[in-house]
Amino acid sequence: MMKIKNIFHTSLALLAIAFVGCDKDHFADLNSNPSDLSEPDLRFSVAKSVELMYNNDYTIWFYTNFDYVFPWSQLTGVGVGNNEDFVVMGPYGNQQLYPSLYSNVRDVRFRIDALPAEEQAGMQAMKAMTVPTLIQPYLTVTDNQGSLPYTEAALASYTTPALLTPVYDNQELMFNTWLEELDMAIESLTASNQLDIGGQDVVYGGDYTKWAKFCNLLKLKIAARLVNKDRAKALSIAEEVANSPVGYMNSLDDDFIYKRDKNYFGTGNGNQPGAAGKNVVDFLIANKDPRVRYLFTKNGFNAEVVQAFIDAGKDLPPYVEQYVMTDVDGNFAGWEAPGEPWVRYFGAPLSPDERFDATNDPYFQQSELNRISLDGVEKTYASTSSYSERITRTGINHTYPTRPGGRVIEKRDNFPSLEVILGSSAETNLYLAEFKLLGANIPGTAQEYFNRGVELSVLRLDALAENNGQPYYESDPVYTDEAEAEAAATKLRAGEIADLLTQPAYDLSADGLEKVYIQQYINFAATPGDLWTLVRRSGVPKTGSAYFPREALLASGSELTIPRRFTIETPTGDDANFENRASAIEEQGFTTGTNDPATLNTERIWFDKENPNYGVGPNN
């Protein structure tokens, strides 16, 4: 702080000397309205729009994903498992579209449009960047809430009189508008003689062709939401993308990775991610899918902790014990197949009624059953896996589990830059696999698109884990033997993807559409949006599935009703935009101010009306 103050005081002194040496005209210039002297560089404004794409991240993860979207989608529970209130909606977070993001986008567009024609021509690509920048977060918000201001939003500064009451566009209008805007953006992004945005583009480094490919992904996202609403249109969009002259996202370099520098820690508060769902972990482990190691945390039962339980005369959790080999003296002798790291991942049942089954105590009574004391030191260990918080923030220290009174091994102050997946080549290929199975006339086979999508998904999540500083990535430091420490690493190994693709659950010759949706589900598990939309439109996880079955969510023996949209607040008379809000709510047929799960299930958003019920499986 003293150094900063000294710099500040020195700067003031130099500035005072400069003022004394200035003539009167120069002094007048320095005190003129900055907007009369120069326009801020538009490249910085475009960069700011990209920065604003991913905001309000703490409440999105803390509330929206970990309290609602993930438990309702059966990826995780609220804590370990669920209680019967998990279907009741409370506070939630969304990307803040206005005023900041949309206002900044409007500013860029209006300033470019106000330039002389010859200058405008070279800035069309930068202007076009604002189209996918805005549509990507809009898609998630409309998936949750329905109608939104779009065509008239953020126009107050550019209209006379100021437009302060924008209409709420319905989802059908927004989808159609976005498809048109994306097509025009692709044209502008591939135009010649465009101003180089260079390093101000932190996503693609000024490669406008990659932005055009990202536009094609957003077209596929819209098409996916139309699959059960207007299948012919959805397939037509897929055909446009697959045959697009600019191409589509098909490599890790094409992925839209949102970045924050190493000093960005979000709020600094924990997001309290829930425990992994048992069925999703069982699926991933059964197929030795490496993504289980990136999406979920290792439990606390390494070889040293297992031996500590043996020394303390304490029973191991049965799902851990099944993989423990012991010698003639009853001590730990190694792991049964598949060995580390696979034997460190376990999910928990999600149904509230499962908590009352005593055979499930090893899942739900861990604070008691997994507590041991040795040499006067007491410790408790987690035997199930949680969602990896490193996906959401990197400013986290980690303490590795060791025996009570044993070594202290920590990963501290290792806060790398945060990367967030907002669109990927894996997603693109998995959509193309889906559309091919549904009848789209596109060049590749469904299996080819599927295999490429799975490969890219594994590679992307591996890269994300490495970048975000996931513990155990390079080795497990609790193991003193170098070979054992290396074997317990979570990083991707040679041949794992090829082996994965030989599994029956990755062969599309039977139940192909369900298998594609399962892979979309796994891929979306690491993104802040899209998972719940996939679950609603696909009916996956499917009840009775031979691959990844939906768990019946029972409370007192009855199936709980899961919402399919978020709560909509009741507009009040003091709302300046009351009439437009009320009209949109009436048009959608929504009851406002309620968090009743049955109401939020039956009053569906436009894209969701023809979608299958939870657990029914896909509409073929």
Practice problem: Examine Tyr150 together with Tyr102 and report whether their ring centres are nearer than 6.0 Å. | Solution: yes
Exercise. Enter the distance from Ser385:OG to Tyr345:OH here, rounded to the nearest 0.5 Å.
Key: 7.0 Å
Quiz prompt | Trace of the side-chain contact (heavy atoms from CB on, under 4.5 Å) decision for Asn287 with Leu500 | solution = CA-CA 7 Å; Asn287 292 286; Leu500 178 65; 4.2 Å; yes
Quiz item: Is the distance between the ring centroids of Tyr521 and Trp532 under 6.0 Å?
Solution: no
Quiz item: With a 4.0 Å cut-off, would you call Lys278 and Asp282 a salt bridge?
Solution: yes
Expected list for residues 88-97: side-chain donor-acceptor pairs under 3.5 angstrom, two or more places apart:
unit_1: Tyr92; atom_1: OH; unit_2: Thr567; atom_2: O; d: 3.0
unit_1: Asn94; atom_1: OD1; unit_2: Asn144; atom_2: ND2; d: 3.3
unit_1: Asn94; atom_1: ND2; unit_2: Gln145; atom_2: OE1; d: 2.4

Practice problem: List for me each residue that meets side chain to side chain donor-acceptor pair (under 3.5 Å) alongside Arg536, sequence neighbours excluded, and say none if there are none. | Solution: Thr533
Exercise. List in chain and number order the residues that pass side chain to side chain donor-acceptor pair (under 3.5 Å) with Gln519, two or more places apart in sequence or in another chain; answer none if no residue qualifies.
Key: Arg291
Quiz item: Should the pair Tyr68 and Trp72 be assigned to parallel (<30°), tilted (30 to 60°) or perpendicular (>60°) ring geometry?
Solution: tilted
Exercise. Decide whether Gln470 and Thr490 meet the rule of one side-chain donor and one side-chain acceptor closer than 3.5 Å.
Key: yes
Quiz item: What class does the angle between the rings of Phe296 and Tyr387 fall in, given that below 30° is parallel, 30 to 60° is tilted and above 60° is perpendicular?
Solution: perpendicular
Exercise. Determine whether more than 12 heavy atoms belonging to other residues, nucleotides or ligands lie under 6.0 Å from atom CD of Glu586.
Key: no
Quiz item: Checking salt bridge (charged side-chain N to carboxylate O under 4.0 Å, His left out) for the pair Asp143/Arg225: CA distance, chi angles, key distance, verdict?
Solution: CA-CA 9 Å; Asp143 284 347; Arg225 288 155 172 79; 2.7 Å; yes
Practice problem: For Arg564, enumerate each residue passing the side chain to side chain donor-acceptor pair (under 3.5 Å) test, keeping only those at least two apart in sequence or located in another chain. | Solution: Asp608
Self-check item: Test log, rule ring-ring contact (aromatic ring centres under 6.0 Å, His included), inputs Phe435 and Tyr449
Solution: CA-CA 10 Å; Phe435 292 127; Tyr449 291 125; over 10 Å; no
Quiz item: What residues, two or more places apart in sequence or in another chain, satisfy ring-ring contact (aromatic ring centres under 6.0 Å, His included) together with Tyr363?
Solution: Tyr319
Quiz item: Who passes ring-ring contact (aromatic ring centres under 6.0 Å, His included) against Tyr168, sequence neighbours left out?
Solution: none
Quiz item: Hey, mind stepping through Tyr547 and Phe283 against ring-ring contact (aromatic ring centres under 6.0 Å, His included) and telling me if it holds?
Solution: CA-CA 7 Å; Tyr547 314 104; Phe283 173 83; 7.6 Å; no
Quiz item: Which atom pair, heavy atoms only, marks the closest approach of Glu603 to Arg565?
Solution: OE1-NH2, 2.7 Å
Practice problem: Give a yes-or-no answer on whether the side chains of Glu551 and Gln74 include a donor-acceptor pair shorter than 3.5 Å. | Solution: no
Exercise. Please determine which of Thr392, Asn65, Thr59 meets the side-chain hydrogen bond (donor to acceptor under 3.5 Å, both in side chains) test together with Asn271.
Key: Thr392
Quiz item: Quick one: CD on Gln171 to OH on Tyr138, what's the gap to the nearest 0.5 Å?
Solution: 12.5 Å
Quiz item: So Phe70 and Phe66, would you call those rings parallel, tilted or perpendicular, with 30° and 60° as cut-offs?
Solution: perpendicular
